[in-house]
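All heavy atoms count here, side chains included; hydrogens, waters and symmetry mates do not. For clarity, every value in this text was computed on a predicted model and none was experimentally measured. Atoms within a ligand are numbered from 1 in the order they appear, just like the ligands themselves.
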Amino acid sequence: MDVKTRLPELAQARYGLELSQCSDSQLYHCLLQLTQELASARPAPSGDRKLYYFSAEFLIGKLLSNNLLALGIYDEVNAILTECGRALSAIEDVEPEPSLGNGGLGRLAACFLDSIAALGLNGDGVGLNYHYGLFEQKFQHNKQTERPNPWIEDESWLIPTGVEFEVPFGFGPVKAKLFDIAVPGAHTATAGRLHLFDVEAPAPAPQEGIDFNKSDLPARLTSFLYPDDSNEAGRLLRVYQQYFMVSAGAQLVLKELEERGCALNTLSDHVVIQINDTHPSMVIPELVRLLTGRGLSMDEAVEQVSKTCAYTNHTILAEALEKWPLSFIEKAAPQLTPILRELDRRAKAAHTDPKVAVIQGEEGKEIVHMAHLDIHYSRSVNGVAALHTEILKNSELKPFYDIYPAKFNNKTNGVTLRRWLEVCNPQLASLLDECVGRGWRRDPDQLNKLMEFAGDSAVLDRMLAIKAEKKRELADVFAREQGITLDPESVFDIQVKRLHEYKRQQMNALYVIHKYLEIKGGKTPQRPVTVLFGAKAAPAYVMAKHIIHLILCLRKLIESDPQARPWLHVAMVENYNVTWAERVIPACDISEQISLASKEASGTGNMKFMANGAVTLGTLDGANVEIAELVGPDNIYTFGAKSDEVIRMYAGEGEKKGADGRSYLPLDHYHRPAVERLVDFLVSPELLGVGDPAALATLWRDMKNKDWFMAMLDVEDYIAARDRAIADYGDRTAWAKKMLVNTAKSGYFSSDRTIAQYDRDIWQLK
Ligand code: 26Q
């Protein structure tokens, strides 16, 4: 198909207009149709074994630019639009963002689909078609409020397939309808698919906020995405959602197996199911149920399923490890109970250690440990960064590692550099083309060749000029869409990620307080700094919402202070999402990756920032460790306690032990003068004057007395490291060199590398 003829043809056919006469919305719909035509014409990759990536989240973000790029028509479309005086960026604004994920785990699944397609691997995603993805965030009175975020329009990326399955719930059967989103692969002529299941008659939008009647089943099954917390009322609904996804998904797998003419007892030769965290874990008993129902013996079914499934762990936070009361599963899908009991019986017969049981607890109060189910009945268990996998093996999942050492493996996360460099930073991408050639787009390791330009002042100047341009672009769109002025001459110091105490946005806020107090004390900073945050808090996560309130109050206080205003700016992106990430990340100077060591499984934002020439300021946690090894100590700022020290403190090892069992005593840290005045500022008359006294006092008390994620442990070291980074920023040439090294070394963090490793070690698709 020739784009030059087809695009004007579509404008004529749809609207009777020339391209130049079309509105942005009309142009968007022409491009949507063109893209869909081209993508659907592509065949699936070939291969005898097929991967199904099961995930409750696919945070795909807007698809237009990404699909144009994958189809190889991005430049051509851009040129056609420019010719008629239009900009692709304005047309993209029309596209609603599908926010079908919470954060890292969902975005990783989206990057993986992009890479699976680009490598031409025979693999699809399986998930749910949430009608309101993650909530839309609004700030009112310096607090977060939530609204539903509908994204499905009459014309969208969803392709109805006509495929339907019946999902047998305790209350009766529900029809699951399959919609597909095409995933065209870059550098191939094939396309993968994201399979999203939906109910037949979805409920209409909630009238107010994001609350709704959670018992309104089945209409509410695919209404909204769980916002990462676990309040009691919604937990049962989550089990219903999960079963809906895996039952329909398992039926799809078996249908396609049958269509390929393969016998059920050869499932594991032809299929691999990657389980993205424990959210899809019920696929294991469901497949066993379906296979035995179709004539396999229990032994055969269990063997096939165990050889087909592979499990990825994304967290060591105890509260995020899913454990369901057996009574929930009994209510939602009673037919799974006997299967789960049988799988538990087999595990207990083989392994006497009660810690590795699938079902624990006394009769009537039994709990199903989803991760335990996965580990016993999968061929592979992987962590998502080297440190994370070591922690799984040596502490968190040690009893399992002792039983199944060969199952455990690491797959350090990656990100698609197509979205996170080529699309969001075309200026840097073309500089890279000039320096190292275009080969890096296929083979990201070639970015290493950029190291040869570390002493080339012309290239370094270009890096700086591009960064300055991206900062101006961000300031423009911020002014336009958020009504906030940013100073592009200041250092852009950025922390964007979900709001969680372990990620320690509160420690970043303590730094802001430190700078503010310095300025008020007459010490003028070396240069103006903008501290930019972007974060959504789970609606029921009270402390996270208080931290957002703190940040917004600090902004208000500082902006109204003429002494501080020239030097210090605090801003927070309202409704941070993939679209904002694509604008914010290329504009960053200092990338804040400051989680408490051992708590952030990997992080993937850290990789996106690095690729775009930001310098990391971080703890030795998750993939930061690997970033530090790659770029070397001159090109990253690390600080704070190491993961093994932190793990020891939680275990209560050391001299003193507190009431909560840790050898971290918050008051000891609080009573250091440099720390106490920062923490006490939370309840200072200045801050209480602008904020909610109850919320600020709760934060203050919590930090002083509990500080579960040990912000006070690292804060002094953090301030020193951050001040050093901001000082070093002044030597523009030396800083540009750090930027260059970061971009040069980021090829390792391409999800193409990650996916190639999954394929080599776990999937073996070709
Ligand atoms: C669990 C139970 C009930 C309701 C919700 C949940 C739930 C939902 C989402 C639990 C966890 C999540 C999301 C986890 C997540 O995003 N983890 C991140 O995964 C990234 C990709 O591997 C890592 O880079 C991050 O370090 C990790 O935090």
Side-chain angles (χ1 to χ4, degrees), residues 53 55-59 99-112 127-128 130 133-134 214 224-242 245 274-282 311-325 328 368-371 382-389 391-392 410-416 496-504 535-541 593-609 618-619 621-627 643 709 749 751 754 758:
Y53 194 87
S55 177
E57 307 190 5
F58 287 92
L59 185 42
S99 290
L100 309 186
N102 272 293
L105 166 148
R107 185 52 234 175
L108 184 78
C111 285
F112 279 7
L128 289 176
Y130 306 102
L134 188 60
K214 301 198 168 59
F224 92 133
L225 166 77
Y226 253 75
D228 181 7
D229 63 335
S230 15
N231 68 69
E232 281 302 318
R235 280 163 58 87
L236 183 58
L237 176 62
R238 191 167 162 94
V239 174
Y240 277 104
Q241 281 190 329
Q242 292 183 348
M245 166 173 79
Q274 191 70 40
I275 300 178
N276 197 27
D277 218 285
T278 54
H279 318 154
S281 299
M282 275 186 284
Y311 160 62
T312 304
N313 175 289
H314 295 264
T315 186
I316 55 164
L317 289 183
E319 63 268 30
L321 282 178
E322 288 187 302
K323 299 181 212 83
W324 298 118
F328 279 24
V368 188
H369 284 254
M370 305 316 279
N382 77 282
V384 289
L387 175 68
H388 170 61
T389 302
I391 294 173
L392 291 180
N410 177 246
K411 294 289 165 285
T412 297
N413 282 167
V415 300
T416 170
V496 286
K497 49 185 75 251
R498 274 303 280 261
L499 203 311
H500 200 293
E501 290 162 280
Y502 83 78
K503 297 179 187 279
R504 298 197 294 191
K536 288 181 180 177
Y541 188 173
Q593 308 298 337
I594 60 179
S595 55
L596 174 62
S598 80
K599 296 294 179 189
E600 189 71 89
S602 161
T604 43
N606 46 3
M607 303 167 184
K608 297 165 195 165
F609 278 110
T619 47
D621 198 15
N624 296 353
V625 176
E626 288 156 83
I627 294 178
S643 60
F709 295 104
F749 296 108
S751 47
T754 312
Y758 271 92

### Query
Do E322 and Q242 have a side chain donor and acceptor closer than 3.5 Å?
yes
### Y130 versus Q241, side-chain donor and acceptor atoms under 3.5 Å
no
### Query
Can you name the residues that form a salt bridge (charged side-chain N to carboxylate O under 4.0 Å, His left out) with E626, not counting sequence neighbours?
none
### Message
I'd like the name of whichever of G605, G104, G603, A385 reaches closest to atom 24 (O) of ligand 1 through any heavy atom.
### Response
G603
## Note on the structure
Heavy-atom proximity to atom 22 (O) of ligand 1 ranks first, among K599, H314, K503, for H314
Taking only non-hydrogen atoms of [X], do any sit less than 4.0 angstrom from ligand 1?
X    : answer
G622 : no
T315 : no
E57  : yes
Y502 : yes

### Query
Which one holds for R235 and ligand 1: side chain close, backbone close, both close, or neither close, with close meaning a heavy atom under 4.0 Å?
neither
### Query
Which bit of T312 gets closer than 4.0 Å to ligand 1, counting heavy atoms only: side chain, backbone, both or neither?
neither
### Task
Please check if the side chain of D277 supplies one atom and the backbone of L105 the other of a donor-acceptor pair under 3.5 Å.
no
Taking only heavy atoms of [X], which atoms of ligand 1 are found under 4.0 Å from at least one of them?
X    : value
E600 : 25 (C), 26 (O), 27 (C), 28 (O)
R238 : 1 (C), 2 (C), 3 (C), 4 (C), 5 (C), 6 (C)
V384 : 22 (O)
A601 : 26 (O)

### Message
Counting only nitrogen or oxygen atoms and a 3.5 angstrom limit, does H279 reach ligand 1?
### Response
no
### Message
Pairs of nitrogen or oxygen atoms closer than 3.5 Å, one from E322 and one from ligand 1: do any exist?
### Response
no
### Task
Start with the C-alpha distance between N276 and T312, add both sets of side-chain angles, then the distance that settles side-chain hydrogen bond (donor to acceptor under 3.5 Å, both in side chains), and finish with yes or no.
CA-CA 5 Å; N276 197 27; T312 304; 5.1 Å; no
### Task
Only counting residues at least two apart or in another chain, list the ones meeting side chain to side chain donor-acceptor pair (under 3.5 Å) with S602.
N413
### Query
After noting the C-alpha distance and the side-chain angles of R504 and K599, does the key distance pass the side-chain contact (heavy atoms from CB on, under 4.5 Å) rule?
CA-CA 11 Å; R504 298 197 294 191; K599 296 294 179 189; over 6 Å; no
### Query
Going through the distances and angles, do K608 and F749 end up as a side-chain contact (heavy atoms from CB on, under 4.5 Å)?
CA-CA 9 Å; K608 297 165 195 165; F749 296 108; over 6 Å; no
#### Entry: M282 to V239 - nearest heavy-atom pair and separation
CE-O, 3.6 Å
